[in-house]
Structures are given as structure tokens and as C-alpha cells.
Amino acid sequence: MATHCKDYDFLQIEPHWQTFWENNRSFRTDNDTSKPKYYVLDMFPYPSGAGLHIGHPEGYTATDIIARYKRAKGFNVLHPIGWDAFGLPAEQHAVKTGTHPASNTQNNITNFRRQIKALGFSYDWEREVDTTDPKYFKWTQWIFLQLFKKGLAYVDERPVWWCPELRTVLANEEVQDGKSEVGGFPVERRNLRQWVLRITAYAERLLADLKDVDWPDSTKRMQEAWIGRSEGAELLFKLEQEHLGDLKVFTTRPDTLFGATYMVIAPEHPLVNALTTPEQRDAIDAYKKKVAGKSDLERTDLAKDKSGVFTGSFAINPVNGARLPIWVADYVLMGYGTGAIMAVPAHDERDFEFAHQYHLPVIQVIEPDHNDNASNGHGSPKLPYTGDGKLVHSEDYTGLPWADAKKKITADLASKGRGKATVNYKLRDWLFSRQRYWGEPFPVLWVTESDYALAAASRAADLPPSPVTYRDAATGDTWYALPLPAAALPLTLPEVESYLPSGNGESPLANVTEWLEVWVNFATGASVPASQSRPVGESWIRGRRETNTMPQWAGSCWYYLRFLDPKNETAFADPKLLAYWGVPDLYVGGAEHAVLHLLYARFWHKVLFDLGVVPQAEPFTKLFHQGIILGEDGEKMSKSRGNVVSPDTIIASHGTDTLRLYLMFLGPLEAMKPWSMTQIEGVFRFLQKVWRECIGREGEINPKISDDASADSTELLKTLHETIKKVGDDIENLRFNTAISQMMICVNAIQKAERVSLSTIRAFLQVLAPLAPHITEELWTRLGGTGSIQQAAWPQFDPAKLVATELKVVVQINGKKRAELLVPVGTSQDTAFSLAQTHPESATYLAGKVVKRVVFVPGKILNIVVE
RNA sequence: GCCCGGGUGGUGGAAUGGUAGACACCAGGGACUUAAAAUCCCUUGAUCGAAAGGUCGUGCGGGUUCGAGUCCCGCCCCGGGCACCA
């Protein structure tokens with residue numbers, strides 16, 4: 001069963017045991033509900049052409065250690081892997097080469113699978129999923145239908161991020177500093193018809209439920225910031241031109257209403273034209289043009305320079321009737337709040353800057369309670385003052401603390417129908433469509449109003465409360481979105497001639513007329529190309545398929561659920577398995593997904609929870625981010641820098657066990673840390689030392705190993721049991737670096753011992769096994785262990801072995817270390833003190849001194865304060 | 001600008017308020033060897049000293065404490081996130 005090599009020949013040992021595990025299906029997980037479950041999940045990879053990056057095995061090794069450890073602890077462990085295989089790089093490759101993205105994707109998956117298997121991870125390969133497999137995305141489409149039915153999916157023509165280079169739109173979350181997250185290409189605003197998911201309907205719960213999950217604080221805070229809840233009020237300002245109605249603004253500072261000196265509306269605000277007076281028309285038009293021409297990069301870069309133009313119109317302050325000039329300025333965004341604000345320059349930095357630039361009045365209405373450092377020396381604060389305080393110059397409200405004034409002013413206006421308390425979020429609805437080929441097709445057909453009505457009669461249960469429609473600007477026709485029946489899923493991608501998007505906002509699917517224009521049976525979802533004659537039957541109507549596809553995030557929103565029951569054809573997962581396995585107990589992946597995948601998946605999960613198909617409200621109860629591994633030069637690994645380390649190379653030169661161990665020994669899992677080729681030698685030597693302690697020169701069992709269980713010295717046993725305890729504790733807390741150093745201490749102790757018992761060696765191999773599974777299988781077998789070491793129960797540590805009879809006490813005089821005492825357990829302070837007085841190293845510091853105080857911590861310290 | 005995280009030997013990093021530098025790497029010395037590799041042993045924070053030993057030392061400056069890398073206040077630097085969100 002074992003190999004026959006004499007030396008630690010990892011090139012022979014590692015493939016041997018990998019084959020053994022595969023042939024024995026060692027890591028197949030059955031749904032044995034009699035055992036406690038443990039579900040440990042990695043963020044599944046996008047199978048890129050570049051192959052595995054060294055960052056992948058970092059996180060995967062951590063979860064593999066946990067998986068193997070938990071199995072040894074008696075858990076039924078679910079540890080799956082799959083492929084997040086839709087995505088832009090595969091499609092761009094297809095555009096370049098003309099080959100189907102699926103074939104390139106499958107090649108990449110084959111390579112990834114090979115690399116991952118070579119790392120010896122204990123995945124259950126029978127549960128592998130692939131988001132591009134129609135058997136998988138059938139259920140992605142099914143979940144979309146549920147969202148659609150609940151009215152959480154709609155179509156909107158709206159300004160969206162368009163990336164000319166990628167020829168697609170991108171979500172807010174995919175755009176950084178005016179550039180695409182993928183590729184770093186510039187993006188611009190365009191008005192396009194888009195599918196949008198109503199994630200904002202879940203904003204409050206997405207925020208509130210963060211308190212229930214065990215996540216890194218920084219990630220929770222990032223999501224909080226992204227959701228961006230702010231409490232305030234919507235207030236109505238009458239317009240001087242009364243026929244135009246009211247101007248609605250959102251403010252978080254209704255308490256500063258008396259300090260409003262002007263109004264600002266966004267350049268895209270619907271009232272801009274109506275409010276512009278003839279004298280101001282040219283200036284406003286020129287300004288709007290200038291703003292529209294600004295790329296968002298410029299709009300961000302120029303954030304410091306505020307600009308705006310007076311419309312010529314006025315609004316009336318509802319509390320004091322003041323006439324407030326209405327300006328148009330691009331520092332107010334149409335996408336947030338109402339696209340209009342009341343400007344209070346005395347108490348808002350931006351308004352202050354703007355007022356200063358255009359010589360608008362500043363009225364202070366808040367005074368700090370404590371006139372200390374905020375003061376300008378004359379009792380009033382330096383403006384703008386954004387801190388707390390009490391109201392001044394605010395008529396009846398003067399003197400009120402600001403928090404009270406917020407409530408009272410809002411309530412008073414509400415009672416007059418001039419406002420109400422509201423909550424606003426920065427979170428926008430999720431732009432869910434891409435003009436690409438390589439994604440899940442939307443299972444939706446566009447039909448006429450009358451055909452929709454016809455279908456609605458029998459399909460009411462599949463339809464949203466109000467129809468999703470879109471008006472074709474070119475023809476003036478209005479189209480109705482009719483979902484395919486769930487039974488007709490999956491809707492697969494047709495073959496296309498070219499993968500190149502048309503560039504005008506339509507995907508390559510728009511060119512596949514046979515697929516696009518169909519006769520469809522609305523009851524069954526069956527279809528034939530529209531070029532053929534209409535089939536016989538009442539349920540056949542004309543339909544045009546949706547040409548957009550879903551973004552890459554769709555498939556990763558729910559894959560953790562599919563692993564529970566990956567082959568199920570009648571449900572995305574069996575409810576019994578959903579109940580048993582639930583959601584991952586531990587989820588490990590990069591922090592770069594803090595607001596993308598992790599927010600989207602939470603949203604979908606909550607929708608599924610509301611549908612009653614998953615039993616818990618949150619998908620990822622415990623989350624951990626592995627840190628980035630830098631190149632040897634301390635810089636981010638990149639091809640251009642030439643500092644990339646490939647797992648394949650290390651496996652060939654040092655073996656997988658060494659690589660795994662080294663990745664964990666580098667430093668804390670969450671830390672960013674540089675790779676080092678010299679440091680890896682250290683862990684390699686450690687494994688060789690383990691080998692030599694077990695195996696002699698000729699491949700025989702090391703003669704120092706004794707069957708006699710009492711062969712171990714007391715110190716060796718103490719070290720062993722300390723190791724069992726510490727390694728277990730450290731694994732539970734994902735502190736693998738210190739677990740490994742403890743194992744090094746243990747093997748050093750074994751090496752120094754003249755004899756060691758077989759049971760000690762075996763226990764040591766067992767605690768090493770989750771980290772270095774191949775060498776430990778080999779040695780376990782050679783030392784006569786039965787079965788796979790992976791099946792052996794985790795060794796118990798004996799607390800009695802950990803108790804020392806003597807303790808070291810450090811003697812400090814005035815806080816400085818002066819001596820060490822070795823005293824029996826239970827030694828009193830007085831005894832220790834008198835020992836210190838006679839100890840040669842400390843006595844000299846005590847002679848002739850007056851002892852003022854003695855601090856004694858048994859087993860730690862005796863601090864004597866003198867004079 | 002705002003919000004996080006982090007600054008410890010030549011290097012990666014350890015340290016429930018209780019011996020700073022565990023465990024490794026590198027470097028130096030020694031053993032084994034014809035020799036080398038491998039392996040094993042020793043030294044290895046700085047500084048003063050012949051030695052015994054002393055002094056200093058966890059980014060900087062203060063503070064709390066018998067005792068601070070750890071807690072508090074004020075800075076500096078690095079990394080990440082957000083950024084006209086009213």
C-alpha cells in the first residue's frame with residue numbers, strides 16, 4: 001500500500017496517495033444525517049487561462065486542513081469545489097480566436113482540476129459544479145424567475161456604465177475610479193435598456209442582518225458603507241412659479257432649515273427646463289452640455305472645483321417664507337435622494353464652498369454647546385460647522401438641541417403636509433444584464449400586450465404584480481416580458497457566427513434570428529423559429545427572446561446551495577438536504593468580494609428565504625479572508641513584474657506537502673505577506689526530519705521507535721500533549737502558522753529523545769496529517785497503522801500530562817528581571833519572596849533596601865518594589 | 001478628506017497587561033567526510049566591557065500601572081476601502 005522509497009521521495013509519494021484517495025473515493029460525502037455536519041466552503045474559482053495562482057492554494061489549503069481536521073473529529077464534512085465559469089475573459093478569448101467560449105472554458109477547467117488535484121485537497125469531486133453547465137444554470141434561471149415573479153426584476157432605460165472596450169454595461173460595483181474593474185478600461189454613461197434587480201427592497205435587512213454573522217469587521221463595515229443608510233427627511237419647498245408644484249429635497253439636517261440660503265438641483269433633474277428663466281436659458285443649456293460631456297473620471301477628479309448656474313427661479317422656505325434662489329450644479333447627483341437639496345452653507349462643507357464661490361449668503365443656525373477648540377475666539381464656531389450643538393436664529397426652535405430640533409421640525413412640517421421623515425440608501429438597484437454572449441440567457445420573451453393578456457389568463461402565478469414592459473423608442477411599440485414556464489428550463493445559448501457584441505448595446509444573440517424570433521407556446525415554453533409557420537394550437541404566440549445575458553455574479557449567488565444536491569433535476573436542492581447541511585459553517589475567500597459577490601449572494605439568499613425554500617436568512621454565517629501573497633520583491637505578483645510563483649513549479653521542486661505547509665507557515669492567514677524561496681527550505685527540512693525520525697537509511701522503521709508505550713520521557717509526553725492541544729486549538733482558530741511551529745518543537749523533541757513510543761509517533765503524525773496529508777499517509781502505513789490516517793480519530797490530549805510539578809517564577813526588582821526561580825506548584829508568595837532574598841542574582845539588589853511592595857503571580861512573576 | 005488594518009532583530013514572524021524576539025530563514029563557527037552536499041552541535045537585537053556584568057531596545061512623543069509590544073491621549077509612516085451620497 002505504501003511506496004517503497006528509502007528517502008522522502010515526494011514525487012513518488014504524493015501522486016501515489018492522490019491515486020489512492022481517488023480510487024477509494026476517500027472524500028466522497030454521503031448524506032449521513034446521524035453525524036453532526038460541517039460545511040466548509042472556498043470561494044470557487046474562475047478558471048482562467050493562466051491556471052492556478054499561488055493565492056488559490058492559500059485559502060484552499062486552510063479549508064482543506066479544517067475539512068480533514070473536522071473529519072477526524074467525527075463530523076460529516078461537506079467540502080466541495082466547482083467552477084465559476086461564465087465571464088468576460090473566456091468571451092474575449094472567443095472573440096479573438098473564434099472558438100466557442102465553452103471549449104476554452106472546458107480546457108481551463110481541466111487544467112484547474114489537474115492543478116487542484118495535485119495539491120491533494122480533499123474535495124468531494126462527485127459534487128463538482130460548473131455554472132456554465134445547462135443542468136446548473138437551469139436553476140440560476142429558475143431563481144431569476146422567482147425574482148421576476150416577486151416583482152424584484154424589472155427593465156429600465158437608464159443611464160448606465162458603458163464600457164466601449166468591453167462593449168458591455170457594468171454594475172456600479174464593477175466600476176472603480178471611472179474604470180472597469182476587469183481590464184481597467186474607461187467607462188462612460190449611456191442610456192440603455194437594462195434588466196435591474198430590486199436589491200434596494202432588501203437594503204434594510206441586508207444592513208440589519210449583518211449583526212447576525214461572524215464576519216471580519218472591516219467587511220461588515222464595507223457593506224454598511226455600501227448600503228449607506230441615512231436617516232433624514234423629505235421636505236417640500238413651494239416654487240415661486242406655483243404651477244410647477246413643489247420642489248422635493250432630501251436632507252439629513254432638517255434642524256438647519258433656517259440656515260438654508262439657496263437650493264440646488266442636479267443637471268439631470270426633470271424640473272431644470274421648467275425652472276430656467278429666459279435670461280438664464282443660454283447659461284443653463286451651456287452648463288448642462290458641459291456636464292454631460294464630462295466623463296465620470298473628470299467629474300470625480302474635478303470634485304474640488306464646484307460649478308453651477310442660477311436658474312433664475314426661486315423656492316420658498318416652508319418655515320419662514322424666505323425666497324431661495326434655485327441653482328443647477330453637478331455636485332448634486334440625480335441618483336441619490338430626490339436629486340435636489342436645500343443648501344445650508346453654514347453647516348455643510350460642500351454648500352459652504354459653493355456659496356463662497358458664488359457669493360451666496362451664509363446663515364449660522366447651530367451653535368456648539370462647548371465653545372472650545374471649534375471657536376474662532378468670539379464665541380461662535382469656525383464655519384462651516386458640521387458638529388452638534390443647539391439652534392440659533394431659528395425662531396421658535398432657537399435653543400433646542402439639534403437632535404430634538406430634527407424631530408420637531410420634521411414633525412411640524414409633516415403635520416402641514418410639507419414633509420416626512422425618510423430613510424435613504426446609497427445602494428442602487430442591481431444592474432443585472434450584460435450585452436454579452438457568454439452568460440445565462442434570460443428565460444423571458446418579449447410579447448405584445450394582447451398576447452401577454454392571453455398568456456396571463458393561464459400563467460398568472462408566474463407573473464409579477466404588474467407587468468414588466470419596455471417601449472421601443474424606434475418603433476413606439478410597447479413590449480411585455482413573458483417568462484418561460486419553469487418546466488421549459490434551461491434556455492440554452494444558441495451557436496453564433498461571431499462572439500463580438502454589436503457595439504450598439506445589443507449582444508451577439510441579437511444576430512441569431514432563428515433563436516431570437518420564435519413562435520412560442522406560452523403554456524409549455526416550446527418554441528419554433530418564427531420563420532416557420534405558426535404551429536397549430538391556441539397557446540402559440542409570437543415572441544422575441546431577450547438578447548441580454550446575466551452577469552457573472554448570477555451563478556455564484558447560489559452555488560453553495562447546489563453543492564448540497566448537485567445532481568438533483570427536480571429542484572435546486574432537496575429540502576431535506578437543505579435542512580441537514582444548511583449553509584456553510586465556514587466560508588473562506590478573498591476580501592475583494594466584500595461588496596460584490598457577498599452582497600449579491602445575501603440578497604438572493606434572502607429572496608429564497610422569503611420564498612420558504614431555504615431555512616435560514618443568511619448564507620454565510622462565518623467568513624474569513626485569506627491575505628494576499630506578494631512576490632519575493634514585496635510587490636503584488638504580476639506577469640509584468642515577473643514575480644509570479646506557480647504552484648506547479650513548487651510541487652515539482654519541493655512537493656505539495658511542503659507547499660501547503662509553507663503557505664500556512666508564512667504568517668497569519670489573514671495577513672498580506674511576501675513569498676520567500678529560502679523560507680520554504682525550512683518547512684521542507686521539517687518534513688525530511690519527520691521522515692527520518694520514522695524511517696531509517698534502508699527504508700526500515702527507525703529503530704528508536706519502540707512498541708513499548710512507556711518508552712517516552714515525561715518531558716517528551718508533555719511536549720506531545722501540548723502539541724495535540726495547541727494544534728487542535730490553532731486549527732479551530734485558523735492559526736496555522738503557530739500550529740506548525742508547535743509541531744516543529746515537537747519533532748525537535750522527538751529527535752533529541754533516544755527512544756520514542758510508536759503511539760507517540762502515530763499521534764504526532766495524526767496532528768500533522770491535515771496539513772501534510774501525503775507524507776503522513778505514507779508514514780502511517782509504514783508504521784503499521786490500519787487504514788488511511790484520514791480515518792483515524794483525532795488524538796485526545798491528556799490534561800494530566802500538561803501539568804508541571806515545578807514552575808518558573810521570574811524575579812523582578814522594580815520591574816527589571818533579575819533572577820529566575822524554579823519552585824514547586826503551590827509555592828506561596830512568602831516562600832517565593834524569601835527564596836528571592838537568598839537567590840544570589842536577586843539578593844544583591846535587595847540587600848539593604850526597603851521593600852515597599854511585592855506583587856506575586858504564581859508561575860509567572862515575583863515583582864519586588866524597593867525604596 | 002472620512003472609515004478600517006498594520007508598523008517588533010539582517011528576514012518571515014511569536015507573545016491571556018507578567019522573562020520581548022517562540023518557531024523558522026539568513027549569516028558565522030564547529031563536528032562528520034579524502035572532499036563536497038546532506039545532517040548534527042554552538043553563536044546570532046543593539047551597545048559598552050578583557051570578563052563578570054551593565055545600559056538601551058517593539059514607528060515617534062506623552063500618560064495609566066508594581067509591571068506596557070499589548071491599555072489611554074496626541075502625532076508620523078505604510079496598506080486597504082469609500083469619496084460631492086445632501
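Bear in mind that the values here come from a model prediction, so they are computed numbers and not experimental data. Note on naming: letters A, B, ... go to the chains in the order of the sequence lines (proteins, then strands), and numbering restarts at 1 for each one.
If you take atom P in B:C3 and the same atom in B:A15, they sit 29 Å apart, rounded to whole Å. Using P as the reference atom, B:C25 and B:G13 are 16 Å apart when rounded to the nearest Å. On the P atoms, B:U55 is 28 Å away from B:G17, given to the nearest whole Å. The same atom, P, is picked in B:G21 and in B:U43; the two are 14 Å apart, to the nearest Å. B:U11 sits 28 Å from B:C4 when the C1' atoms are compared, rounded to a whole Å. Across B:U33 and B:G18, the matching C1' atoms stand 49 Å from one another, rounded to whole Å. Spacing between B:U39 and B:C26 at atom P, rounded to whole Å, works out to 10 Å. Spacing between B:C41 and B:U47 at atom C1', rounded to whole Å, works out to 28 Å.
A straight line from OH of A:Y331 to P of B:C84 spans 13 Å, rounded to a whole angstrom. Regarding A:R692, its CZ atom lies at a distance of 5 Å from the P atom of B:C40, rounded to whole Å. Rounded to whole Å, the distance from CZ on A:R685 to C1' on B:C26 is 10 Å. Residue A:M672 contributes atom CE, which lies 11 Å from atom C1' of B:C78 at whole-angstrom precision. Atom CD1 of A:I629 is separated from atom P of B:G13 by 11 Å (rounded to the nearest Å). Straight-line distance from the CG atom of A:N424 to the P atom of B:A86: 8 Å, rounded to whole Å. The CD-P distance, from A:E820 to B:A20, rounds to 10 Å in whole Å.
No donor-acceptor contact under 3.5 Å links the side chain of A:Q812 to the base of B:U19. Between the side chain of A:K306 and the base of B:C84, a donor-acceptor pair under 3.5 Å is found.
B:A14 is unpaired under the criterion used here, namely a Watson-Crick or G-U wobble arrangement in which both key atom distances are under 3.5 Å. The partner of B:U58, taking Watson-Crick or G-U wobble pairs whose two distances both stay under 3.5 Å, does not exist in any strand shown. Shown here, B:U34 forms no base pair; nothing in the strands shown gives a Watson-Crick or G-U wobble contact with both key distances under 3.5 Å. Across all strands shown, B:G67 has no partner, as no Watson-Crick or G-U wobble contact with both distances under 3.5 Å is found. Nucleotide B:G1 forms a pair with B:C82, judged by Watson-Crick or G-U wobble geometry with both contacts under 3.5 Å.
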Protein-nucleic acid N or O pairs under 3.5 Å, nucleotides 71-74 of chain B:
none

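With no hydrogens or angles considered, a side-chain donor-acceptor pair links A:R602 and A:Q223 at under 3.5 Å.
Relative to the side chain of A:Y845, the nucleotides B:C84, B:G18, B:G53 differ in distance, and B:G53 lies closest.
Taking the ring centroids of A:Y262 and A:Y358, they lie at or beyond the 6.0 Å cut-off. Aromatic rings of A:F856 and A:F833 (six-membered ring for Trp) have centroids beyond the 6.0 Å cut-off, not under it. You'll find the ring centres of A:Y662 and A:W675 inside the 6.0 Å limit.
Among the heavy atoms of the strands, none lies under 4.0 Å from A:R735. Contact annotation for A:Y262: no contact, since no heavy-atom pair falls under 4.0 Å across all strands. Backbone-only engagement by A:V865 is indicated by non-hydrogen atom pairs under 4.0 Å involving sugar-phosphate atoms exclusively. As judged by a 4.0 angstrom heavy-atom cut-off over every strand, A:N737 is placed among residues touching the sugar-phosphate backbone only. Contacts of A:K808 with the nucleic acid, taken as non-hydrogen atoms under 4.0 Å apart, include base atoms. Nucleic acid contact class of A:F665 (heavy atoms, under 4.0 Å, all strands): base. Counting any heavy atom pair closer than 4.0 Å across all strands shown, A:S676 reaches no nucleic acid atom.
Counting heavy atoms from C-beta outward, A:P57 and A:L663 have side chains that approach closer than 4.5 Å.
Ion pairing between A:K689 and A:E693 fails under the 4.0 Å rule for side-chain N and carboxylate O. Under 4.0 Å is where a charged nitrogen must lie from a carboxylate oxygen, and between A:E204 and A:R229 at least one such pair does. Salt bridge absent: A:K704 and A:E754 never bring a charged side-chain N and a carboxylate O closer than 4.0 Å. In this structure, A:K306 pairs ionically with A:E353, as a charged nitrogen and a carboxylate oxygen lie closer than 4.0 Å. Of the charged side-chain nitrogens involved, none lies within less than 4.0 Å of a carboxylate oxygen, so that A:E632 and A:R641 do not count as a salt-bridged pair.
For RNA chain B, the neighbouring residues in residues 741-754 of chain A, judged by any heavy atom under 4.0 Å, are A:S741, A:M744, A:I745, A:N748, A:Q751, A:K752.
OP1 or OP2 of B:G80 has not a single side-chain nitrogen or oxygen of A:R221 nearer than 4.0 Å. At least one side-chain nitrogen or oxygen of A:K816 sits closer than 4.0 Å to the OP1 or OP2 atom of B:C56. For B:G80, neither phosphate oxygen OP1 nor OP2 lies less than 4.0 angstrom from any side-chain nitrogen or oxygen of A:S218.
Using the six-membered ring where Trp is involved, A:H597 and A:H593 have ring planes that are perpendicular, over 60° apart on the 30 and 60° scheme.
When the nearest nucleotides of RNA chain B are assigned to A:E681 and A:K673 by heavy-atom distance, the more 5′-ward of the two goes with A:K673. Mapping A:P668 and A:K636 onto RNA chain B via the closest heavy atom, the residue that lands nearer the 5' end is A:P668.
Within the 3.5 Å criterion, the main-chain N or O of A:D729 finds a donor-acceptor partner in the side chain of A:N733.
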- For salt bridge (Lys or Arg N to Asp or Glu O under 4.0 Å), just list the numbers for A:E681 and A:R685, CA-CA rounded to whole Å, side-chain angles, deciding distance to a tenth of an Å, and then say yes or no. CA-CA 6 Å; A:E681 295 296 336; A:R685 274 177 221 162; 5.2 Å; no
